[in-house]
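Every chain is numbered from 1, with letters handed out A, B, ... down the list of sequences.
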Number of protein chains: 2
Amino acid sequence: MLSLTAVLVAVVCVLIVWIFKPADRSLQKKEREPEARPWVDEDLKDSTDHLHQVQEDEDEWPESEEDVEHIPFSHTRYPEKEMAKRSQEFYELLNKRRSVRFISNEQVPMEVINNVIKAAGTAPSGAHTEPWTFVVVKDPDTKHKIREIIEKEEEINYMKRMGQRWVTDLKKLRTNWVKEYLDTAPVLILIFKQVHGFTASGKKKVHYYNEISVSIACGILLAALQNAGLVTVTTTPLNCGPPLRMLLGRPPHEKLLMLLPVGYPSKEATVPDLKRKALDQIMVTV
Amino acid sequence: MLSLTAVLVAVVCVLIVWIFKPADRSLQKKEREPEARPWVDEDLKDSTDHLHQVQEDEDEWPESEEDVEHIPFSHTRYPEKEMAKRSQEFYELLNKRRSVRFISNEQVPMEVINNVIKAAGTAPSGAHTEPWTFVVVKDPDTKHKIREIIEKEEEINYMKRMGQRWVTDLKKLRTNWVKEYLDTAPVLILIFKQVHGFTASGKKKVHYYNEISVSIACGILLAALQNAGLVTVTTTPLNCGPPLRMLLGRPPHEKLLMLLPVGYPSKEATVPDLKRKALDQIMVTV
């Protein structure tokens, strides 16, 4: 009788602790997030999907290129002198690119926007999944709604940080979260990465390295814009992905990676007088 | 006496479960990783650093541009017709780019390599941190050591998967992990992202969005290579980052993002007959 009671008590205790210990942990986690912003978690997931998927999601398999016919590669080769000249001129063109935050409201030709996005779409991607969607926003009302969503989040970001770090002139800080270019730029390009796709049978198809692939496409897009004589500034609106996704009616497997306001510079446009690192600071030869 | 024993047993059980439950979990985790590859964890960390840093590392603050002088932005504007022509030609040039796995051992002019890396270095980066290191490997011995590291890991990746999914012709699979181009290509460019930098006083300085920034730089690098008439294939050798980093003597805050073998295509080079998505499949207008 004595030992039976002890065993019973022991079993009950083990069960109670087993059940409540993890529950207790998840409670602690919740307490750290003061505000109810259900999509924040979802947004943060964005950054962790590519390498971990490769490791964990072993049910999936990248599309094999083995079934695709291989054809001879046709190549344009330039004489060495011309290679040197072309590469020098390309560098000089791109070295004039600056992030411009003062964008005129003048319209830009849509043919050019189509061409720069077609250029971005030539980027390589993991297993040729082409995991990108470029949403081109020209409608003034939608642009303004985008501005409202981003400025609200930016204000939260700045105010939170300010509270922790220093108390300073609010007006000075305000210039950091007021994004006038979201209204004035004739075109906003929102670049979404598709974190997975679908097979013919509707099953999830992993998009390996989707963030890297879409960022490469954005690099080509920036080069194409500069080549066409348009300006932009590379922005990654923190925590704004899901509300912007919902505003634009994009599906849940598409996550916002970048937002580029595109246009001509306004007449009074200025840029910070920053320098770039020299070649020997970024390149090592072995 | 009865209740005292019961209480004692209860306390002991609670303690035992409390102590061993987490231990048990970490054991389970270890069992899933059969081999001792201490750097695998480190490598996987690479993918999670950028957005989480912004949220979690609130001790740090991106470099402010407020102290930098602002200067007028000088801009080259083309007539609309020329914009259309330039953007069309740029698209056509890049649309000829293909991932080429058959690279000749012919040397390429280093002046061109310098120029394409200078072009990549014009990419924008979070808070202008320029968090990239381009390691250009020409030395045949180092190239061969790189090949050995990568082929060993690739073999593990393929064999592991094969065991789980199917048993098939080993020779056919072998073409997937044998990377001859790592020996034959005259130049390998290994692109490292600096996940943090250092302040003047030696403190860690967060590099916000370093992976996105460096991937953008790689996009520009790919465009620059295509513009110069050189070919490459975009590779992201899984789990090879740390051993390659150590081989090349790069510091721990630099993580391998990409490896590009660069050269001219070999005469018998083929490419899979893949098509790209049409504009209306990648672009949405609002």
For each of [options], tally heavy-atom pairs with chain B at distances under 4.5 Å, and name the one with the top tally.
options                        : result
A/E106, A/Q194, A/M110, A/Q226 : A/E106
A/V135, A/T285, A/L279, A/I220 : A/L279
A/L230, A/I117, A/T142         : A/I117
A/C218, A/P265, A/A278         : A/P265
A/T236, A/V137, A/T76          : A/T236
A/R97, A/E111, A/E80, A/E92    : A/R97

Looking at A/E89 and A/K85, is there a salt bridge between them, counting it only when a charged N and a carboxylate O are closer than 4.0 Å?
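Answer for the salt bridge query: yes.
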Can you check whether [Y]'s main-chain N or O pairs, donor with acceptor, with [X]'s side chain at less than 3.5 Å?
X      : Y      : value
A/K145 : A/L247 : no
B/H75  : A/G229 : yes
B/S87  : A/A228 : no
A/R276 : A/N95  : yes

What's the spacing between B/F134 CZ and B/L260 CG if we round to 0.5 Å?
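Here the interatomic distance stands at 9.0 Å.
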Under the side-chain contact (heavy atoms from CB on, under 4.5 Å) test, residues paired with A/A224 that sit two or more places apart:
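By the side-chain contact (heavy atoms from CB on, under 4.5 Å) rule, A/A224 matches A/V116, A/A119, B/F90.
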Can you tell which part of B/A223 gets under 4.5 Å to a heavy atom of chain A, answering side chain, backbone, both or neither?
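B/A223 touches chain A through backbone and side-chain heavy atoms alike.
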Can you tell me which portion of [X] sits under 4.5 Å from chain B's heavy atoms? Options are side chain, backbone, both or neither.
X      : result
A/L248 : side chain
A/T234 : side chain
A/L93  : side chain
A/L222 : side chain
A/F102 : neither
A/V100 : side chain
A/T133 : both
A/E82  : neither

Contact winner vs chain A - [options], heavy-atom pairs under 4.5 Å:
options                       : value
B/I189, B/V231, B/I216        : B/I216
B/S125, B/S74, B/A84          : B/A84
B/N227, B/L94, B/D139, B/V112 : B/N227

If you draw the axis of the six-membered ring of B/F73, does the NZ or CZ of A/R98 fall within 45° of it and under 6.0 Å from the ring centre?
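Relative to the ring axis of B/F73, which defines the angle, A/R98 lies outside at least one limit.
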Given the ring of A/Y264, does B/R77 sit roughly above its face, with NZ or CZ under 6.0 Å from the centre of the six-membered ring and within 45° of the axis?
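Yes; both conditions hold, so B/R77 lies above the ring face of A/Y264.
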Atom pairs and distances, donor-acceptor, side-chain atoms in residues 267-274 of chain B, under 3.5 Å, two or more places apart:
{"residue": "B/D273", "atom": "OD1", "partner": "B/K275", "partner atom": "NZ", "Å": "3.1"}

Do A/M258 and A/L221 touch side chain to side chain, with heavy atoms closer than 4.5 Å?
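Answer no - side chains too far apart.
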